[in-house]
Amino acid sequence: MFDDKIKKFENNKRLTELNPKNTLLKAGFNNNMVLCDIGAGTGIFSFPATEISNKNIYALEISDTMIQLLENRIIERNINNIIVKKVSDDILPLDKNSCDIVTLVTVFHEIKNKDMMINEIRRVLKEKARLMIIEFHKQKTPMGPPIEHRISEEQLYELFKNNNFKIADKFILGDNFYCAVFEKFTIG
């Protein structure tokens with residue numbers, strides 16, 4: 001049951017292109033930061049985050065199967081700062097101003113109520129904290145969902161600009177993925 005998920009999310013091409021630890025560092029994640037990985041999946045960003053920071057790493061998931069996989073891996077790897085939490089609605093199970101960085105890796109295009117999720121991300125982020133989103137290019141690529149399900153870089157930038165986030169960095173991760181790093185700011 002877990003093997004299929006691991007093969008899908010952790011194939012060599014995907015991992016090489018995403019380069020989780022270096023991508024987190026490039027996005028500004030460092031020691032003593034709290035990270036929230038929304039849609040943590042098999043933990044390909046959560047586990048490398050523990051190599052960077054000794055603070056809490058929240059791995060949020062809606063799938064019971066993925067939660068079980070994450071919990072098994074945490075025990076196997078003897079990790080003590082990943083906290084797995086189930087997301088059961090549009091509300092993130094975290095306190096206000098609790099995170100230094102939030103990551104969504106190939107998840108944002110799947111979210112139905114994007115404005116509600118953006119509001120929740122704003123709520124859990126500390127002031128001037130960062131949000132890292134990795135998505136599939138909105139064009140034919142070697143892997144990924146159908147093009148019509150993807151969100152373009154321009155659409156993403158506009159959506160977050162309209163919700164009081166400013167672009168802090170952006171970069172291409174290869175044939176399949178782009179990364180956008182936003183900073184939360186308050187008007188007034």
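Atom CG of N72 sits about 12.0 Å away from atom CD1 of I67, to the nearest 0.5 Å. Rounding to the nearest 0.5 Å places NZ of K166 at 4.5 Å from CD of E183. Rounding to the nearest 0.5 Å places CD of E158 at 14.0 Å from CD of E153. Atom-to-atom distance recorded for L125:CG and S98:OG is 8.0 Å, nearest 0.5 angstrom. Taken from OG1 in T23 to CG in L173, the straight-line distance is 4.5 Å, to the nearest 0.5 Å. Here the straight-line distance linking atom SG of C36 with atom CG of L92 works out to 6.0 Å at 0.5 Å rounding.
The ring-ring contact (aromatic ring centres under 6.0 Å, His included) pairs that include a residue from residues 156-175 are F108-F160, F160-F165, F160-F182, where partners are two or more places apart or lie in different chains. Listed by first and then second residue, the salt bridge (Lys or Arg N to Asp or Glu O under 4.0 Å) pairs that reach into residues 45-72 are K21-E51, D64-K86, sequence neighbours excluded.
For the side-chain hydrogen bond (donor to acceptor under 3.5 Å, both in side chains) with H109, the lone residue among K114, E135, Q155, K138 that qualifies is E135. Checked against I74 for a side-chain contact (heavy atoms from CB on, under 4.5 Å), the options L69, I79, I83 give a single hit: I79.
Considering only heavy atoms from C-beta on, M132 stays 4.5 Å or farther from V102 through its side chain. Residues R14 and I44 are in side-chain contact: their nearest non-hydrogen atoms beyond the backbone lie under 4.5 Å apart. When side chains are defined from C-beta on, N11 counts as touching M143, because their heavy atoms get closer than 4.5 Å. In this structure, I134 and L18 have side chains that are in contact, with non-hydrogen atoms separated by less than 4.5 Å. Residues L60 and P93 are in side-chain contact: their nearest non-hydrogen atoms beyond the backbone lie under 4.5 Å apart. Between P142 and N176, the closest side-chain pair of non-hydrogen atoms falls below 4.5 Å. Side-chain contact check for H149 versus F136: every heavy-atom pair is 4.5 Å or farther apart. A 4.5 Å side-chain heavy-atom check between I167 and V181 finds every atom pair outside the cut-off.
Although no hydrogens or angles enter the test, the distance criterion places no donor-acceptor pair under 3.5 Å between the side chain of N163 and the main chain of I118. Counting only distance, with no hydrogens or angles, the side chain of T16 and the backbone of K13 share no donor-acceptor pair below 3.5 Å. Between the R122 side chain and the K184 main chain, no donor and acceptor come within less than 3.5 Å of each other. A donor-acceptor distance shorter than 3.5 angstrom exists from the side chain of R150 to the backbone of P145, with no hydrogens or angles considered.
L131 and L35 fall into different hydrophobic clusters, where Ile, Leu, Val, Met, Phe, Trp and Tyr side chains are chained together by heavy-atom contacts under 4.5 Å. Linking Ile, Leu, Val, Met, Phe, Trp and Tyr whenever their side-chain heavy atoms come within less than 4.5 Å leaves I101 and V34 in two separate clusters. Under a hydrophobic clustering in which Ile, Leu, Val, Met, Phe, Trp and Tyr are joined whenever their side-chain heavy atoms come within less than 4.5 Å, directly or via other members, I147 and Y178 fall into different clusters. There is a path of hydrophobic side-chain contacts, each under 4.5 Å, that joins I111 to Y58. V84 is not connected to V87 by any chain of hydrophobic side-chain contacts under 4.5 Å among Ile, Leu, Val, Met, Phe, Trp and Tyr, and they are in different clusters.
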Legend entry - Residue pair R123, E120: steps toward the salt bridge (Lys or Arg N to Asp or Glu O under 4.0 Å) verdict: CA-CA 5 Å; R123 182 183 67 77; E120 274 298 284; 2.8 Å; yes
Legend entry - Evaluation steps, side chain to side chain contact (heavy atoms under 4.5 Å, CB included), between N19 and F177: CA-CA 11 Å; N19 196 352; F177 309 106; over 6 Å; no
Inset, instruction - Go through M117 and D90 one step at a time and tell me if the side chain to side chain contact (heavy atoms under 4.5 Å, CB included) criterion holds. - result: CA-CA 7 Å; M117 179 55 67; D90 288 335; 5.8 Å; no
Inset, instruction - Show your working on side chain to side chain contact (heavy atoms under 4.5 Å, CB included) between V124 and D95 and close with a plain yes or no. - result: CA-CA 6 Å; V124 303; D95 292 335; over 6 Å; no
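The other members of the hydrophobic cluster of M116, by chain and number, are I91 (side-chain heavy atoms under 4.5 Å, ILVMFWY only).
Contact record, A59 with I82: CB-CG2, 4.0 Å, taken as the closest heavy-atom pair. Nearest heavy-atom pair, L156 versus A180, reported as atom, atom and distance to 0.1 Å: CD2-CB, 3.9 Å. Contact record, K126 with N97: CG-O, 3.4 Å, taken as the closest heavy-atom pair. Closest approach of F45 and P20 over heavy atoms only: CE2-CA, 3.5 Å.
There is no side-chain donor-acceptor pair under 3.5 Å between T50 and R77. For the residue pair D37 / S46, a side-chain donor-acceptor distance below 3.5 Å is found, with atom types taken as modelled.
Remark: I62 CD1 is loosely packed, at most 12 non-hydrogen atoms of other residues, nucleotides or ligands lying under 6.0 Å away. The number of heavy atoms from other shown groups lying within 6.0 Å of CG (N31) is above 12. In this structure, N12 places its CG atom where only 12 or fewer heavy-atom neighbours from other residues, nucleotides or ligands lie under 6.0 Å away.
In this structure, R130 is not positioned above the aromatic face of F29 in the sense of NZ or CZ being under 6.0 Å from the six-membered ring centre and within 45° of the axis.
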